[in-house]
Enquirer: 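My questions all concern the structure below.
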Amino acid sequence: MKRIGLLTSGGDAPGMNAAIRAVVRSGIYFGMEVYGIERGYAGLIEDTVLPMEMRSVSNIVQCGGTKLRTARCLEMLTEEGQKRAVQTLEKHGIEGLVVIGGDGSFRGAKVLSEKYGVPTIGIPGTIDNDLEYTDYTLGFDTAVNTCLDIINKLRDTMTSHERVSVVEVMGRHCGDIALYSGIASGAEIIVVPEIAFSMDEIVTRINRSRANGKHSNIIVVAEGVMGANEFAKQLQAFTTHSVRPTCIGHVQRGGSPSMADRMLAAQFGNKAVRLLK
Ligand code: F6P
């Protein structure tokens, strides 16, 4: 295989740039030409393809976001879009593709591979940690560390005011960001979509912890359960303690990747190129 393509797709995740760098440099190491495709599958369909060199990926290992930019591309779900994507690959003589993204991106990769015979390797890149066959997805570690930083700060002010903090984290339908950031921050309660909860039980736990001398409570809620505002409103109806909602939001998708994500990116990127080879 002499010429490979590379794109990032779906929601961005810290570590995507480190993975781009690893794919480009591994590809060049193995004597391949590497082409970057901008804006995910949208760029593949619209033919925004550019050759990448060793120096195209200098100074990006530490950067959040994705240098190739990304998009959620509905057109890739249509036969017309898929055919145009394959035409772009053929036009540039691209024989294999690396797709960095989450489950939607992997669905597109599967179509290219199974329906059109394009050798395609997926690198699991999403903060959600919701993909099978990998312990961790790229960006998850950094996102959880960002949540931890914010939850630590919330603990300070909640303790001063003896409040209950409801913190909403991302994850789509998956509770992993909530679970890991909740355990690692010492949250009293973690609510994930995978397990049913009852407000009664939550209030009982808050009361028990207050009786034991706690001055604040942190409840980490995965977005797949409910938004922080709604959750806080429902909880406030059951308790006299003052409840405050915080939605961490897109802050958890940005930032310089952690060491764990940079290492994972290097390993994923190199392995993807070796598999294509
Ligand atoms: O898949 C990553 C993710 O950040 C999810 O956790 C979240 O539900 C979604 O993307 C948000 O998407 P958008 O950036 O399009 O609002």
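Computed from a predicted model, the values in this text were never measured in an experiment. We use all heavy atoms of the structure for the numbers below, so side chains are in, but hydrogens, waters and symmetry mates are not. Counting starts at 1 for both ligands and their atoms, in listed order.
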Enquirer: Please list the nearest protein heavy atom to atom 1 (O) of ligand 1 with its residue and the distance rounded to 0.1 Å.
Expert: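 Answer for atom 1 (O) of ligand 1: D128 OD2, 2.7 Å.
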Enquirer: Just wondering, do M52 and Y35 contact through their side chains at under 4.5 Å, heavy atoms?
Expert: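 Y35 vs M52: side chains apart.
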Enquirer: Taking S216 as the fixed residue, which of D156, T159, T157 is the one that meets the side chain to side chain donor-acceptor pair (under 3.5 Å) rule?
Expert: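 Exactly one pass, corresponding to T159.
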Enquirer: Where does the angle between the aromatic ring planes of F140 and Y180 fall among parallel (under 30°), tilted (30 to 60°) and perpendicular (over 60°)?
Expert: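 Perpendicular, since the angle between the ring planes exceeds 60°.
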Enquirer: Do any heavy atoms of Q252 fall under 4.0 Å from ligand 1?
Expert: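 Contact absent.
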Enquirer: I need the nearest protein heavy-atom contact for atom 4 (O) of ligand 1: residue, atom name and distance, please.
Expert: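 Nearest neighbour among protein heavy atoms for atom 4 (O) of ligand 1, to 0.1 Å: R253 NH1, 2.8 Å.
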Enquirer: Just to be sure I'm reading this right: ignoring hydrogens, which of R72, M170, H173, E223 gets closest to atom 8 (O) of ligand 1? Compare them by their nearest heavy atoms.
Expert: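 Looking at heavy atoms only, the winner is E223.
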Enquirer: Quick check, are the ring centers of F231 and F197 under 6.0 angstrom apart?
Expert: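 Centroid distance F231-F197: below 6.0 Å, so yes.
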Enquirer: What residue and atom, counting heavy atoms only, is the protein's closest point to atom 16 (O) of ligand 1, and at what distance?
Expert: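 Checking every protein heavy atom, the shortest distance to atom 16 (O) of ligand 1 gives H250 NE2, 3.3 Å.
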Enquirer: Does the side chain of R84 come within less than 4.5 Å of E75's, by heavy atoms?
Expert: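 Yes, close enough: below the 4.5 Å cut-off.
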Enquirer: Are any of the N or O atoms of G171 closer than 3.5 Å to those of ligand 1?
Expert: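 Yes - when backbone and side-chain N and O of G171 are compared with those of ligand 1, one distance drops under 3.5 Å.
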